[in-house]
Amino acid sequence: MRKVRVRFAPSPTGPLHMGGVRTALYNYLFAKKHGGDFLLRIEDTDQGRFVPGAEQYIIEALKWCGIEPNEGVGYGGDCAPYRQSERKPMYKPYAEKLIAAGWAYYAFDTSEDLDNIRKQAELAKMPNWQYNSISRMTMKNSLTLPVDEVEKRLAAGDPYVIRFKMPRNEEVRFQDLIRGWVVFSTNELDDKVLFKSDGMPTYHLANVVDDMTMNISHVIRGEEWLPSAPLHVLLYKAFEWEAPLFAHLPLILKPDGNGKLSKRDGDRLGFPVFPLEWKDPETGAISSGYREKGYFPKAFINMLLLLGWAPGNNQEIFTEQEMIDAFTIERIGKSGSKFDPDKTRWFNQQYLRATPHHELAQMLQPLLKEKGIDVSLEYTENVVGLMMERAVFVEDMLEGMYLFQGPTEFDAEAVSKKWKVGESAVIIQKWADAMNALEDFSFESIDHRFKEFLQEENLGMGAVMPLFRLLLTGTLTGPAAAQVASVIGKEEVMKRVAFGIEKLG
RNA sequence: GGCCCGUUCGUCUAGGGGUUAGGACAGCAGAUUUUCAUUCUGUAAACAGGGGUUCGAUUCCCCUACGGGCUACCA
C-alpha cells in the first residue's frame with residue numbers, strides 16, 4: 001500500500017460548516033492512524049464565489065478543533081503552493097495533454113448559447129439537456145469544426161473551454177470504501193468542462209491533477225461528490241495515473257424534517273452549525289459558533305466523531321488517541337445522520353465534568369472579571385467544586401452569583417411561603433450565633449453543628465434550612481446551604497444573615 | 001424527470017440467517033437529596049412494505065414506497 005496521504009480541500013466560499021469539520025476529522029484520524037499525512041488544500045478556482053476571510057476562518061476553525069494539517073495552506077510543505085489559484089499555470093498543460101490524447105476537446109459555445117439550448121429543450125419537454133457524447137456533434141467545437149477554423153479561433157483568442165470527451169457505451173466502476181462497488185454508465189455522464197474560459201480549471205481537473213501531484217492515496221469527501229466520481233476515475237485513466245481510493249461520506253441532516261443541515265436550521269432551532277462565529281463580510285450578519293457558545297472543542301469533535309461512525313462497542317467518550325486507534329473507514333455508516341443538539345450538549349457536560357477544578361477555575365475567572373468580580377483562583381476553584389455538577393457550560397457556573405455577592409432582593413414567592421415575620425428571625429439568629437462560635441468553618445463542621453442545633457432546639461430540617469438558604473442566596477434552589485456558607489466564609493454569612501433579618505423582619 | 005446512494009426505537013447507533021434485537025441522548029416513573037441540579041433504579045420505544053431464497057429472515061436477493069445527493073464555464 002502506498003503511503004497514506006489524505007487531504008481536506010474546502011472552497012473559501014464562506015465559513016466551514018460542521019459537516020466539513022467532520023470530513024476533515026475523518027481524514028485527520030485516518031492519516032494519524034496510518035502514520036500518514038493530512039493536508040489542507042484550498043480550492044479557490046471560482047473567483048466569483050471567493051469570500052474574504054473564509055480561508056482564514058477555515059484554518060482557524062481546524063486549529064480550534066485540534067485537527068491541524070501537517071501540510072498545506074498556512075503550513076507549507078513539499079507540494080506548495082496549496083492554493084489552487086496559485087497553481088493556476090499548472091493546469092492548462094494537463095488539459096492540453098488530454099486533448100492531444102483524444103480525451104478532450106476545445107468547445108467554443110458561449111454560456112449564452114448553452115442557456116438558449118437548455119431553454120429550448122425545456123420548451124420541447126426535454127428538461128435535461130446535456131453537452132454529451134451525442135449532442136456535442138451538433139455544437140461548435142474542435143470535433144465538429146474544420147481544423148483550420150479551430151486554429152484560427154484559437155489564434156484569434158476566441159474564448160473557449162476544454163471539455164472532457166466522455167466515451168460512449170462504457171461502464172465505469174470503482175469500489176467505494178464505504179459503499180462497495182458503484183457502477184455508472186458513461187452514457188449518462190456529460191462532457192464536463194475541465195478548463196474554463198477565464199483560464200482557470202474547474203474543480204474536476206484541478207482536483208484530480210492536485211490529488212495526483214500531491215500524491216494523495218485516499219480521497220475521503222462528502223457524498224455530494226459521488227456523482228462526479230466516475231468522471232474523476234476516467235480522468236485518472238486518461239492521464240494513466242493510479243487513482244486514489246475513494247470514500248464518500250454520508251451527509252449530516254437537519255434535526256427535524258428532511259434535507260441536509262443548513263445555516264438556516266441553526267438559526268431556526270437555536271444551535272450553531274459552524275465551529276466559530278462568523279460575520280458575513282457583505283451583510284454583516286452573524287452566525288453563531290460552537291466556540292463562542294462555550295463548547296469544548298473536544299466535546300464538539302467527539303460528537304462529530306459519533307455522527308456517522310460507531311466503534312462497534314458502546315464507548316462514547318474518546319480521547320484523541322482513542323479516536324485514532326479505533327477509527328476505521330469501514331465502520332462509517334452508509335446513511336445520513338440527523339444532527340442532535342441535545343446530545344451535543346450532553347457531550348459538553350461530560351467533558352466539563354472530566355475537566356480538573358483548577359482548569360475550570362481558570363476558564364471561569366475571565367468570565368467573572370467581565371462581571372467586575374475579582375476573586376482569587378483558590379476561591380474560584382471552590383466555586384467550581386460547588387457549581388460544576390449543575391453546569392453544561394463553564395458559563396453556567398455563573399448562575400451562582402450569590403457566591404460572590406449577597407442578595408439584595410429575595411424571591412418574593414419563597415419569602416411568602418417560608419418566612420414568618422417575627423418568628424423566623426429568631427430561629428435564624430440563634431443558628432447564626434451557633435455558627436459564629438465555630439472555629440472550623442468547613443462544610444462538614446457546619447453540617448455537623450447544624451444537626452446538633454436541630455436536636456438542641458428540637459426542630460426539623462425544613463424549619464431552618466430553607467430560611468438559611470433564603471438569606472444566603474435569595475432563592476430556594478441551588479447547592480446545599482452549608483456548602484455555600486463554607487465557601488463564602490463566616491464573616492460574609494454573618495453579614496448576610498444580619499441583612500436578611502433586617503430586611504425581612 | 002433522469003442517474004446514483006440510502007432505510008434498525010423520536011434521534012445517534014450496535015447486531016446479524018435461529019437474539020428477551022443491545023447501548024446512548026431525549027421522554028416518562030420512582031428512589032436519594034431541606035430545594036434545584038446531580039446520582040441511582042425502573043419504564044416505554046425500532047428492524048419501511050411486498051415478494052422470493054431458506055427448515056427458519058430484521059439479517060441474503062428482487063420490487064415498491066419513502067428519504068437524500070447530483071443533474072452549471074459552483075465547489
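Here is the naming used below: chain letters follow the sequence lines, and residue numbers restart at 1 for every chain.
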Report the distance from atom [atom1] of [X] to atom [atom2] of [N], rounded to the nearest whole Å.
| X | N | atom1 | atom2 | result |
| --- | --- | --- | --- | --- |
| E224(A) | U71(B) | CD | P | 10 Å |
| Q483(A) | U33(B) | CD | P | 15 Å |
| N348(A) | C25(B) | CG | C1' | 14 Å |
| E223(A) | G69(B) | CD | C1' | 6 Å |
| Q47(A) | A72(B) | CD | P | 21 Å |

Please state the [atom1] separation for the pair [N] and [M] - nearest whole angstrom.
| N | M | atom1 | result |
| --- | --- | --- | --- |
| C61(B) | G18(B) | P | 16 Å |
| U41(B) | G23(B) | P | 12 Å |
| U53(B) | U7(B) | P | 25 Å |
| C66(B) | A21(B) | P | 31 Å |
| U71(B) | U54(B) | P | 44 Å |

Using a heavy-atom cut-off of 4.0 Å across all strands, would you classify [X] as base, sugar-phosphate, or nothing?
| X | value |
| --- | --- |
| G308(A) | sugar-phosphate |
| F184(A) | sugar-phosphate |
| G259(A) | sugar-phosphate |

Q. Does the side chain of D109(A) come under 3.5 Å of the side chain of Y160(A) through a donor N or O and an acceptor N or O?
A. no

Are side-chain N/O atoms of Q130(A) and E188(A) paired as donor and acceptor at under 3.5 Å?
-> no

Exactly one of F274(A), Y351(A), F393(A), F347(A) clears ring-ring contact (aromatic ring centres under 6.0 Å, His included) with Y295(A), and that residue is F393(A)

Under a 3.5 Å limit on both distances, the Watson-Crick or wobble mate of U34(B) is none

I would like to know whether F271(A) and Y290(A) meet ring pair (Phe, Tyr, Trp, His ring centres under 6.0 Å); could you show each step before the answer?
-> CA-CA 8 Å; F271(A) 61 82; Y290(A) 281 88; 7.6 Å; no

Assert: residue with more 5' nearest nucleotide on RNA chain B, out of P479(A) and P227(A), is P479(A)

Comparing H204(A) with K192(A), nearest RNA chain B nucleotide closer to 5' gives the residue K192(A)

**Study point:** Pair W431(A) + F450(A): ring centers closer than 6.0 Å
**Key:** yes

